[in-house]
K.L.:
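Mind having a look at this structure? Questions to follow.
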Amino acid sequence: EIEPLSPNKIRNINSSNTVAIIIGIEKYAETAPATYANRDAKFFAEYARKAFGVKRNNMKLLINEQATLTQTFKVLEKWLPAQIEKNKTNVLVYFAGHGLASEDGKELYLLVHDSDTDLLRRTALARKDLFDLISKKNPASVKMFFDTCYSGTTREEKMLLASARGITIKADIEDDIPNNFTIFSASQDNQISSGFKEAKHGIFSYYLMKGMEGKADTNKDKEISNAELLNYITKNVANKALELGRTQIPSFVGSKEENLLRY
């Protein structure tokens with residue numbers, strides 16, 4: 001029996017210094033759905049409030065058709081800069097949906113609601129652009145969680161393209177990420193980010209949020225470090241994916257020693 005997600009297990013500590021952008025796209029205008037992605041985002045919004053203390057007016061939640069390219073850039077280029085106080089504000093970003101690599105495999109894109117897989121540069125959000133838009137405002141810290149993959153395959157193994165695009169960037173990926181960024185991603189390279197039918201969530205998102213409830217706190221000190229969360233989700237995501245006959249290992253960029261949250 002699958003234990004349901006319970007954000008109310010976490011004490012609510014309001015923080016005026018933390019803002020969040022949360023995007024979940026299950027229904028796409030131009031391509032196959034990303035099953036449970038909208039549900040993942042709605043639940044993560046509760047964890048943002050409970051675990052990170054984000055106030056409702058400091059949060060933007062974009063679901064399905066709310067997350068068009070125009071609306072997404074309005075949030076990133078108009079709303080977010082007004083919320084960030086230099087070197088004081090912490091930024092939280094969560095994305096559940098499709099990702100895709102460019103044809104040469106050197107650029108990674110997040111597909112918004114109206115993205116066209118044949119026109120990535122014009123209709124999708126480049127991951128590097130996302131990093132640049134946030135880092136140029138000099139926030140104190142940035143924590144990102146991506147329940148997506150770039151293999152060209154959906155959570156149900158349907159193809160977004162006639163042929164999957166490989167990723168040729170590996171070592172270069174970390175070079176483009178600012179030092180104060182912490183990034184948890186659902187999978188590595190060409191692996192599929194799978195859905196978890198019994199839980200009605202993505203596998204990564206389910207165990208990410210379960211870990212935040214305290215499941216990842218191995219030393220029981222009421223604090224969860226990046227290392228503790230990474231160990232918890234890696235073990236559980238890998239095992240669950242294996243049950244589905246797949247390989248899925250979450251990836252991480254940042255300082256493992258840093259504390260992620262208190263609960």
Side-chain angles (χ1 to χ4, degrees), residues 21-35 37-38 40-41 60-81 84 91 93-137 139 142 144-155 157-178 181 183-193 202 204 251 253:
I21 297 173
I22 300 167
I23 299 172
I25 309 167
E26 176 170 355
K27 296 178 181 177
Y28 278 86
E30 302 285 341
T31 192
T35 312
N38 54 0
D40 289 337
K60 284 291 184 182
L61 173 62
L62 304 178
I63 301 294
N64 289 336
E65 63 275 2
Q66 297 169 345
T68 61
L69 190 66
T70 299
Q71 290 303 318
T72 302
F73 272 103
K74 274 187 180 180
V75 170
L76 289 171
E77 298 203 40
K78 295 172 72 174
W79 179 81
L80 184 62
I84 295 177
V91 178
V93 177
Y94 174 89
F95 178 87
H98 293 318
L100 200 59
S102 59
E103 286 188 23
D104 60 7
K106 293 181 179 179
E107 295 283 346
L108 302 182
Y109 289 89
L110 303 175
L111 301 189
V112 293
H113 174 70
D114 52 351
S115 292
D116 185 325
T117 55
D118 293 321
L119 298 168
L120 286 179
R121 190 170 63 83
R122 295 187 181 276
T123 67
L125 174 61
R127 215 175 72 145
K128 187 178 185 306
D129 287 347
L130 174 64
F131 296 163
D132 290 344
L133 284 169
I134 295 173
S135 63
K136 73 180 182 182
K137 295 301 176 183
V142 180
M144 293 183 160
F145 306 91
F146 294 120
D147 195 343
T148 188
C149 63
Y150 307 95
S151 63
T153 309
T154 72
R155 290 177 175 186
E157 295 189 274
K158 294 179 181 177
M159 302 303 294
L160 296 176
L161 295 164
S163 59
R165 292 172 175 170
I167 300 172
T168 61
I169 45 176
K170 247 185 176 177
D172 293 345
I173 249 180
E174 295 190 20
D175 295 338
D176 290 334
I177 297 173
F181 277 48
I183 303 174
F184 287 86
S185 299
S187 58
Q188 303 195 24
D189 296 340
N190 290 332
Q191 295 174 355
I192 298 169
S193 297
F204 170 79
S251 63
V253 178

K.L.:
Is it the case that the side chain of T68 and the backbone of E65 share a donor-acceptor pair, with hydrogens and angles ignored and the cut-off at 3.5 Å?
P.N.:
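No, T68 side chain to E65 backbone: no donor-acceptor pair under 3.5 Å.
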K.L.:
Using side-chain contact (heavy atoms from CB on, under 4.5 Å), reason through F204 and S193 one step at a time and then give a plain yes or no.
P.N.:
CA-CA 7 Å; F204 170 79; S193 297; over 6 Å; no
K.L.:
What's the shortest heavy-atom distance between Q66 and Q71, and which atoms?
P.N.:
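Q66 and Q71 have their closest heavy atoms at O-CB, 3.2 Å.
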K.L.:
Can you list the residues that meet the ring pair (Phe, Tyr, Trp, His ring centres under 6.0 Å) rule with Y28, with sequence neighbours excluded?
P.N.:
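Per chain and number, Y28 pairs via ring pair (Phe, Tyr, Trp, His ring centres under 6.0 Å) with H98.
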K.L.:
What residues, two or more places apart in sequence or in another chain, satisfy ring pair (Phe, Tyr, Trp, His ring centres under 6.0 Å) together with F184?
P.N.:
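So F184 forms a ring pair (Phe, Tyr, Trp, His ring centres under 6.0 Å) with F145, F252.
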K.L.:
State, to 0.1 Å, how close V112 and A67 come at their nearest heavy-atom pair, and which atoms those are.
P.N.:
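Smallest heavy-atom distance, with atoms named: CB-O, 3.2 Å.
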K.L.:
For D114 and T123, indicate whether the former's side chain and the latter's backbone hold a donor-acceptor pair under 3.5 Å.
P.N.:
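No, the answer is negative, given that no donor and acceptor are paired below the 3.5 Å cut-off.
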K.L.:
Please confirm whether the backbone N or O of G97 pairs with a side-chain atom of T148, one donor and one acceptor, at under 3.5 Å?
P.N.:
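Side chain of T148 to backbone of G97, a donor-acceptor pair under 3.5 Å: yes, one is there.
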K.L.:
Mind checking what makes side-chain hydrogen bond (donor to acceptor under 3.5 Å, both in side chains) contact with E26, not counting sequence neighbours?
P.N.:
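In terms of side-chain hydrogen bond (donor to acceptor under 3.5 Å, both in side chains), with neighbours along the sequence ignored, E26 is linked to N38.
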K.L.:
Nearest 0.5 angstrom please: L108 CG to S185 OG, how far?
P.N.:
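Output value for this atom pair is 9.0 Å.
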K.L.:
Do you know which two heavy atoms are closest between K137 and I84, and how far apart they sit?
P.N.:
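In terms of heavy atoms, the two residues are closest at O-CG2, 3.6 Å.
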K.L.:
Does M144 form a side-chain contact (heavy atoms from CB on, under 4.5 Å) with F95? I'd like the steps, not just the answer.
P.N.:
CA-CA 8 Å; M144 293 183 160; F95 178 87; over 6 Å; no
K.L.:
Can a donor-acceptor pair be found, under 3.5 Å and without considering hydrogens, that links the side chain of D40 to the backbone of G202?
P.N.:
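Yes; judged by distance alone, with no hydrogens or angles, the pair exists.
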K.L.:
State whether the side chain of Q191 and the backbone N or O of Q188 hold a donor-acceptor pair below 3.5 Å, judged by distance alone.
P.N.:
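Checked: pair present.
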